[in-house]
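Before any comments, here is the structure.
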Number of protein chains: 2
Amino acid sequence: MGRFSASAKKVSGPRTGAAGRKMPAKSVAERIQRGDLFAVSCPSREVMKHITSSWGVLVLIALRDGTLRFSELRRKVAGVSERMLAQTLQWLEGDGLVERHAYPVVPPHVEYTLTPMGEEAAALVAGLGDWIEQNVTKMPSFRD
Amino acid sequence: MGRFSASAKKVSGPRTGAAGRKMPAKSVAERIQRGDLFAVSCPSREVMKHITSSWGVLVLIALRDGTLRFSELRRKVAGVSERMLAQTLQWLEGDGLVERHAYPVVPPHVEYTLTPMGEEAAALVAGLGDWIEQNVTKMPSFRD
DNA sequence: GTCTATAACTGACTATTAGTAAGTACGCAC
DNA sequence: GTGCGTACTTACTAATAGTCAGTTATAGAC
């Protein structure tokens, strides 16, 4: 990680909190090393969609307890259809956050596990979920 | 906050990380004091939808820099339409995360600011956004 | 005078995605 | 034999995201 130049060091501050500032020109290394949620076509937008989708949030949180089968996930994440669960898991697998392990048996037996990177994401997501659960009762919309 | 009984204290642990465990019976006070993202009809699901929507995430992060006008937000959050921006801000205002201040002038002059509660949510959201930006380049989908 | 730009929405409509229902093959229980 | 469970996929419908046009008043350019 010592590959950054001096100007790269400047940009590596709290980038997200500096959304309103003019971004300094990015070197090629910077462009390759980091996404930018505020850029319309940045791939990070797609990943964010997957992670922050309703089902994505709940699946990541549920998997924090350890490996789960498709049907176990289906039951824990109340309200999700098989269709949406399958799609969500495909996305998260494609993002490298979830590992899928299929056994060569019938009926199908498939297990899903968080990758190390998935565990990081899930921890952040769980923190947000926790915050929402703790604060929802204070919200005006809740009192209506 | 000393109102919780002993059994309530037990439940107040890392609730989100315990998604797989059987939840002990909740007292009335507990039910009123905390939402549950894993319950289909809990209001916290709606709040989560607002906060974790693509535009919700970006608006919250953008407002961390301070008060912004509608048009300023429109420009910072690249790709958002006025329609979606207006709707997102309505949601976040209804959730008590954003304050709207309209001046009695023409053309309209409206400013949006994070509430203290909104600042908490935005900090968590920004942390997640930061993580996504930092890690998107490591993802298999990014390499395809 | 007309035209354009600005601001911050809202309503009508279209496009896209979420969600519903049915289907698949096999083993087991009744 | 029927029904259930498993983990998806396909075809279709419902809901939401997104597009477009409209609103009011003012300032500035022509």
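To find a chain, count down the sequence lines: A is the first, B the second, and so on, and within it residues start at 1. When reading the values below, keep in mind they use all heavy atoms of this one structure, side chains included, and skip hydrogens, waters and symmetry mates.
One atom, CG of B:Leu73, and another, C1' of C:dC9, lie 14 Å apart when rounded to the nearest Å. Between B:Glu82 atom CD and C:dC13 atom P there is a gap of 20 Å when expressed in whole angstrom units. The distance between atom CD of B:Gln87 and atom C1' of D:dG18, rounded to the nearest whole Å, is 10 Å. A straight line from CD of B:Glu111 to C1' of C:dC9 spans 16 Å, rounded to a whole angstrom. The distance between atom CZ of A:Phe70 and atom C1' of D:dA7, rounded to the nearest whole Å, is 6 Å. Here the C1' atom of nucleotide D:dT9 and the CZ atom of A:Arg100 are 12 Å apart, to the nearest Å. Atom CD in A:Glu46 sits about 9 Å away from atom P in C:dT17, given to the nearest Å. Protein atom CG of A:Leu85 is 13 Å distant from nucleotide atom P of C:dT20, rounded to whole Å.
The A:Arg83 side chain lies nearest to C:dG19 when the options are C:dA18, C:dG19, D:dC8. In the set D:dA25, D:dA7, C:dT10, D:dA25 carries the atom at the smallest distance from any side-chain atom of B:Pro107. Here the side chain of B:Ala86 is nearest to one of C:dC26, C:dT10, D:dA17, namely C:dT10. Taking the side chain of A:Pro108 as heavy atoms from C-beta on, and the options D:dG18, C:dA8, D:dT6, the nearest nucleotide is D:dT6.
Phosphate contact (OP1/OP2 of D:dG18, side-chain N/O of B:Trp55, threshold under 4.0 Å): present. Between A:Arg75 and the phosphate of D:dT6, there is a side-chain N or O to OP1/OP2 separation shorter than 4.0 Å.
Backbone-only contact: B:Ser71 has heavy atoms under 4.0 Å from sugar-phosphate atoms and none from a base. Contacts of B:Gln90 with the nucleic acid, taken as non-hydrogen atoms under 4.0 Å apart, involve only primed sugar atoms and P, OP1 or OP2. No engagement by B:Arg74 is indicated, since no non-hydrogen atom pair under 4.0 Å with the nucleic acid exists.
Among residues at least two apart or in separate chains, side-chain hydrogen bond (donor to acceptor under 3.5 Å, both in side chains) pairs with a member in residues 90-99 of chain B are A:Ser141-B:Asp95, B:His50-B:Asp95.
A:Thr52 and B:Thr52 are not linked by any side-chain donor-acceptor pair at a separation below 3.5 angstrom, with hydrogens and angles left out of the test. A donor-acceptor contact closer than 3.5 angstrom is absent between the side chains of A:Tyr112 and A:Glu72.
Salt-bridge check for B:Glu119 with B:Arg64: failed, with every basic side-chain N at 4.0 Å or more from each acidic carboxylate O. Using a 4.0 Å cut-off between charged nitrogen and carboxylate oxygen, A:Glu133 and B:Arg34 count as a salt-bridge pair.
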